[in-house]
Protein chains: 2
Amino acid sequence: MAAPRRAPTAHDVAALAGVSQSAVSRCFTPGASISEETRQRVQAAAEQLGYRPNLIARSLIKRRSTIIGVVIPGLQNPFYAAMLEALSADLATAGYRILLFNAPARGTPDPVLDEMLNYRVDALILVSSSLSSGLADECQKIGLPVVQLNRTTERSTVSSVVGDNHGGAEAIARFLLACEHERFAFIAGLETSSTGKAREAAFLGTLGAAGKPVARGVANYAFEEAEGIARQMLGGANPPDAIFCASDHMAIAALGVARTEFGLTIGRDISIVGFDDIQMAGWPQISLTTYRQPVRAMSSRAVAMIEAQLQGTGTGSGLSEVVPGDLVVRGSTREPAHGVIDLGYERVWRP
Amino acid sequence: MAAPRRAPTAHDVAALAGVSQSAVSRCFTPGASISEETRQRVQAAAEQLGYRPNLIARSLIKRRSTIIGVVIPGLQNPFYAAMLEALSADLATAGYRILLFNAPARGTPDPVLDEMLNYRVDALILVSSSLSSGLADECQKIGLPVVQLNRTTERSTVSSVVGDNHGGAEAIARFLLACEHERFAFIAGLETSSTGKAREAAFLGTLGAAGKPVARGVANYAFEEAEGIARQMLGGANPPDAIFCASDHMAIAALGVARTEFGLTIGRDISIVGFDDIQMAGWPQISLTTYRQPVRAMSSRAVAMIEAQLQGTGTGSGLSEVVPGDLVVRGSTREPAHGVIDLGYERVWRP
DNA sequence: TTGAAAGCGCTAACAC
DNA sequence: GTGTTAGCGCTTTCAA
């Protein structure tokens, strides 16, 4: 009924318990030296008042917030949702909380990052986005660990964890060749993404070496744009019989267009391959052949890197790690002449 | 090359600029009175040092962190991912950051919440989870705004925003009756969820009034469990010809089983309806009839409630708001005798 | 073991 | 307009 009061402080508890305020602090500090008797008294008083230690004040003095800033784009893409969930679990286990920034998919998240740094996060994890060189320098100067997930930089000062974009895209190219396709197409995500560029280079490179040209479109990792590009490709003069999309999300869009608008039988008339292996790729209605990015492994590697840097052993800064995946074969592609291995619960391509 | 130093403080800037530390503070406070000349000096010094105001210190003194705690379960369910994205956007616009807690889908998130409160978040948004009565009391005592999203409580002190669970489920029942179905089934999410109970009550109630019994299973909002239940129902003695699933995610699982394992033609042999209208429900491969929960509207209502409570006008605490949706008709159901309205971009049922 | 005292980096009166 | 002075709620020496 009374007006909303302010939360009780350690002082209030101390007064009630008849001890000093520092005694209260000790009571809530794991390894502190405090007698059993006073701890009881303090405990009781704290309970009675509903006292909870103010972690804001604590981080001010400790210079550690146990909060880690996570910048991540469009959660509508299930790949990012899965990554965030994995990060959330791994960071919670490591004793960290997440300050979340849902970055715009395109463009630099600098203003947003600026804010994060002001909150004195203990580290930064950037999913599919990168630091401006200015900010990178600043982070290094103040010793703030940063790791980029699913993106690399030329800057050697920031660490990164990525899937095997090169190996994956190359495997996909070889796989489609083994399926005896003739007319290839590639639907790119963002022109600027290091990840996307690596996939494209490997795909085009491998097919180029085999003397195959590749049609190309850019869909900015957006579902609707991917539908548009697929529509245009399939409605064109010399339509592809094999499309590699730089993400599952776009591949599923293409799949829908091919089946619904062009009446194609997927896996016979055309093969469509994605990248990521999001949950939906395994749905029977979708059944998308795709290169798996092991989200959980990537997340835990990123968190391990952060922890290493936080440990301050100097290790871990500027490292770049590649987490290998698997080409999972499902119904959206023709059957290749060789190389498919049945693991029971799924089939993979290992030529 | 040098060892990692600590970030510069307002003091350092003041020293360099030859002004007092409070001048520095004023320089970074929007409406403060400061001469153009000193602001320049401070600005320059700050830039040179790479100074950034410490928001932790600021929140300590202001007793406002501009951080809002968001508790949300399994991001693997696209409904939650979409909700988080909406909240993130709305809260950013309102000037807040998100401290994220990915709660376990089942069970009470109390320990997690405890932590959040210690971080002195300005408010709490709980998606699909609820507060223990003890914590609810505590929040009210310290005047901390709390709103539950997609869940209600009997406790009148905490506000909530929900979709129209009753109206939606009733509409689905009437719709399936209009499709002249005979053998109904319901796949529940969590037994404990207020939302799920409301859907079930309305569905069973409406069909009961029409003299129709309803088979029932519980799948805990989990994809695999929903597949199991669907398998069991369809393989049983008197298989249903109409299934309502308490979420799209589960409905899509059922859809896959019905089509792939039982060879049923969806929309003819059987109708399957979901709830939420996640993005995938609209994919041509899925084409799920479902009751839409307007995620964006729900998010912005929740944020508005928070802001009202923060404004301290006393308004908004203990309010419960229902956001109406639409029954979106797609290919997973038979065509009803009447009531379908074509809006051009989609079809809805409004009898 | 315990309390007193000095801050962590900042904002907010209050004089000047 | 500007500096001085108190704190915000806590941790951490340092003596006692």
Side-chain angles (χ1 to χ4, degrees), chain A residues 5-43 45-46 49-67 115 117-122 142-144, chain B residues 5-43 45-46 49-67 115 117-122 142-144:
Chain A
R5 318 100 289 253
R6 355 177 331 204
T9 74
H11 256 108
D12 305 335
V13 177
L16 181 61
V19 297
S20 77
Q21 183 264 338
S22 20
V24 178
S25 171
R26 290 191 186 100
C27 179
F28 287 91
T29 306
S33 97
I34 183 173
S35 77
E36 190 49 33
E37 204 215 311
T38 42
R39 105 167 285 104
Q40 302 268 329
R41 295 250 299 281
V42 171
Q43 207 75 265
L49 259 38
Y51 168 73
R52 33 180 78 250
N54 186 330
L55 294 192
I56 294 280
R58 175 181 299 178
S59 24
L60 183 58
I61 194 166
K62 289 216 165 182
R63 293 209 184 79
R64 286 180 103 264
S65 58
T66 65
I67 291 179
E115 269 256 354
L117 294 186
N118 291 351
Y119 272 103
R120 295 304 195 265
V121 292
D122 288 344
I142 60 175
L144 185 83
Chain B
R5 319 99 289 254
R6 354 176 335 202
T9 74
H11 256 107
D12 305 335
V13 177
L16 182 61
V19 297
S20 78
Q21 183 266 337
S22 24
V24 178
S25 171
R26 289 192 186 101
C27 179
F28 288 90
T29 306
S33 98
I34 184 173
S35 77
E36 190 50 31
E37 204 216 312
T38 43
R39 104 167 285 103
Q40 301 268 330
R41 295 248 300 281
V42 172
Q43 207 74 265
L49 259 38
Y51 168 74
R52 33 181 78 249
N54 186 329
L55 295 192
I56 294 279
R58 176 181 296 178
S59 22
L60 184 58
I61 193 165
K62 289 217 165 182
R63 291 210 186 78
R64 288 180 101 264
S65 58
T66 65
I67 292 180
E115 269 256 354
L117 294 185
N118 291 351
Y119 272 103
R120 296 303 196 264
V121 292
D122 288 344
I142 60 175
L144 185 83

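Note that these values count all heavy atoms, side chains included, but never hydrogens, waters or copies made by symmetry. Just so we're on the same page: letters track the sequence lines, and every chain starts at 1.
Under 3.5 Å, the side chains of Y119(A) and S59(A) contain no donor-acceptor pair of N or O atoms. Side-chain N/O atoms of S22(B) and S25(B) include no donor and acceptor closer than 3.5 Å.
Within the 4.0 angstrom heavy-atom criterion, only backbone atoms of the sugar-phosphate kind lie near S35(A); the bases stay farther away. Within the nucleic acid shown, V19(B) comes within 4.0 Å of sugar-phosphate atoms alone, with no base atom in reach, counting heavy atoms only. T38(A) comes within contact range of the sugar-phosphate backbone alone, with a heavy-atom separation under 4.0 Å but no base atom that close. Residue-level contact check: T9(B) touches the backbone only, with heavy atoms under 4.0 Å from sugar-phosphate atoms and none from bases. The residue F28(B) sits apart from the nucleic acid: no heavy atom pair falls under 4.0 Å.
Ranking dT2(C), dC10(C), dC8(D) by closeness to the R63(B) side chain, first place goes to dC8(D). Side-chain atoms of Q21(B) lie closest to dC10(C) of the nucleotides dT2(C), dG1(D), dC10(C). Minimum atom distance to the side chain of S22(A) is reached by dG3(C), of the listed dC10(C), dG3(C), dT2(C). Nearest to the side-chain atoms of K62(B) among the listed nucleotides dC10(C), dG3(D), dT11(C) stands dT11(C). Of the candidates dG9(D), dG3(C), dT1(C), dG9(D) carries the atom nearest the L60(B) side chain, counting heavy atoms from C-beta on. Considering only side-chain atoms of I34(A), the nucleotide from dT2(C), dC10(D), dC10(C) that sits closest is dT2(C). When distances run from any side-chain atom of S20(A) to the nucleotides dA4(C), dG9(D), dC8(C), the shortest one goes to dA4(C). Of all nucleotides listed (dC10(C), dT2(C), dT2(D)), dT2(D) comes nearest to the side chain of R26(B).
Taking only distance into account, the side chain of S25(A) never meets the base of dT12(D) through a donor-acceptor pair shorter than 3.5 Å.
For L55(B) and dT11(C), the CG to P distance is 9 Å, given to the nearest whole Å. Atom CG of N118(A) is separated from atom C1' of dC10(C) by 13 Å (rounded to the nearest Å). Going from atom CZ of R41(A) over to atom P of dT2(C) covers 9 Å, rounded to whole Å. The CD1 atom of I56(B) sits 22 Å away from the P atom of dG7(C) (whole-angstrom rounding). Here dT11(C) presents its C1' atom at 4 Å from CD1 of I61(B), a figure rounded to the nearest Å. Whole-Å rounding puts the R64(A) CZ to dT11(D) P distance at 15 Å. Taking atom CZ of residue R120(B) and atom C1' of nucleotide dC10(C), one finds them 18 Å apart after rounding to whole Å. For the pair R52(B) CZ and dC10(C) P, the computed distance is 12 Å after rounding to whole Å.
The phosphate of dG9(D) has neither OP1 nor OP2 within less than 4.0 Å of any side-chain N or O from Y119(B).
Each of N54(A) and G18(B) lies near DNA chain D, and the nucleotide nearest G18(B) is the one positioned closer to the 5' end. Ranked by how close their nearest DNA chain D nucleotide is to the 5' end, A57(A) and R39(B) are led by R39(B).
Summarising the geometry of V121(A) relative to S65(A), their closest heavy-atom pair is CA-OG, 3.7 Å, with the distance given to 0.1 Å. Nearest heavy-atom pair across D122(B) and T66(B) is OD2-N, 2.7 Å. Taking both residues in full, the closest heavy atoms of A57(B) and L60(A) are given as CB-CD1, 3.7 Å, listed atom of the first, atom of the second, then distance.
Once rounded to the nearest 0.5 Å, the distance linking CD1 of I61(A) with CD1 of I56(B) reads 13.5 Å.
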